[in-house]
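First comes the structure, then the notes that go with it.
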Amino acid sequence: PLTEVTRLDPSRKELFHGGPWFLPGGRQFLYDRIGLNAEYNGTYLGSLDAKPEQQGTRRFLTNAFGVVYVPAVGRGSGDGHLLFTREGSLIAQPFDLPRMEPAGEAVSLAQDMISVGRGSPGPRPFSTSMTGVLAYRTRGPAGDDGTITQLSWFDRTGKMLATAGDRGQYNSMDLSPDGTRVAVSRMSPETAGAGSGRAAYEIWIYEFARDTS
């Protein structure tokens, strides 16, 4: 059965909890809290061992969204960085895992990133690897805000090989272990462009061999 882990706080005018990223150990996670009151927006630390109303309300990182933990390559388990976007920049923040707190000065890795966390959920515009390789996405030409996207296959050199499905307002995605299907979060056609501010996302399964959702 589904189990509620966090709960929106009406007193803070919260609209969205999401973007969870589990820390080593699998019980604690970082996640975004976004609402009408910017004073509370940012990254928070949650736990699967806490009830929804018992999750911590102390902001872990200010104005930081889509946080992921990246262990340092070839170093001990206590070393690593938090990567996140902040005001159009991709930021790396040294992180002390045993103490569960930021350590050292944050540095900017890239500019002009696709925005996330400004009042609505959005996919992380970057992806990390266990080898230290980082892929990230910046804004396109003028007028391209990244809203309409296309599922595409690329090789390891960055060359596009093929597209899949129709263009649309996609959010997050996850490829099946055998590579034959992908689960995608896509804005419902009924709410896309409706201007209601209450966009409805649906989860679809796309099968590559049959070219069908």
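All values below come from the heavy atoms of this structure, side chains included, with hydrogens, waters and symmetry mates left out.
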TODO: Verify, without hydrogens or angle tests, whether Asp32 (side chain) and Gly66 (backbone) share a donor-acceptor contact under 3.5 angstrom.
DONE: yes
Open item on the list: Salt bridge check, Glu14 against Arg33: does any charged N sit closer than 4.0 Å to a carboxylate O?
Closed with: yes
- [ ] Can you tell me which residue pairs pass the salt bridge (charged side-chain N to carboxylate O under 4.0 Å, His left out) test with a partner in residues 149-168, sequence neighbours excluded?
- [x] none
TODO: Could you verify whether a donor N or O on one side chain and an acceptor N or O on the other, from Ser47 and Gln28, lie under 3.5 Å apart?
DONE: no
TODO: Quick one: sort the Trp153 and Phe208 rings into parallel, tilted or perpendicular, breaks at 30° and 60°.
DONE: tilted
- [ ] Please write out which residues are connected to Tyr40 in a hydrophobic cluster, directly or through intermediates, given that two of Ile, Leu, Val, Met, Phe, Trp, Tyr count as joined at side-chain heavy-atom separations below 4.5 angstrom.
- [x] Val5, Phe22, Phe29, Tyr31, Tyr44, Leu48
Open item on the list: If hydrophobic clusters are built from ILVMFWY residues whose side chains come within less than 4.5 Å, do Met100 and Trp21 share one?
Closed with: yes
TODO: Please answer whether the main-chain N or O of Ala64 pairs with a side-chain N or O of Thr43 as donor and acceptor at a distance below 3.5 Å.
DONE: yes
Open item on the list: With a sphere of 6.0 Å drawn around CD of Glu105, does it hold more than 12 non-hydrogen atoms of other residues, nucleotides or ligands?
Closed with: no
Open item on the list: For a quick test of reading the model, state the closest non-hydrogen atom pair linking Phe95 to Leu23 and the distance between them.
Closed with: CE2-CD2, 4.4 Å
Open item on the list: Tell me if the CZ atom of Arg12 is crowded by more than 12 foreign heavy atoms within 6.0 Å.
Closed with: yes
Open item on the list: Return the CD1 to CG distance between Ile34 and Leu15, rounded to the nearest 0.5 Å.
Closed with: 8.5 Å
- [ ] Applying salt bridge (Lys or Arg N to Asp or Glu O under 4.0 Å), run through Arg7 and Glu53 and close with a yes or a no.
- [x] CA-CA 7 Å; Arg7 185 175 299 159; Glu53 64 275 11; 3.7 Å; yes
Open item on the list: Hydrophobic cluster membership, with links at side-chain heavy-atom distances under 4.5 Å among I/L/V/M/F/W/Y: are Phe154 and Leu175 in one?
Closed with: no
Task: Other cluster members, Leu8 - Ile/Leu/Val/Met/Phe/Trp/Tyr, side-chain contacts below 4.5 Å - done: none
- [ ] Indicate, with yes or no, if Leu151 and Ile205 share a hydrophobic cluster defined by side-chain heavy-atom contacts under 4.5 Å among Ile, Leu, Val, Met, Phe, Trp and Tyr.
- [x] no
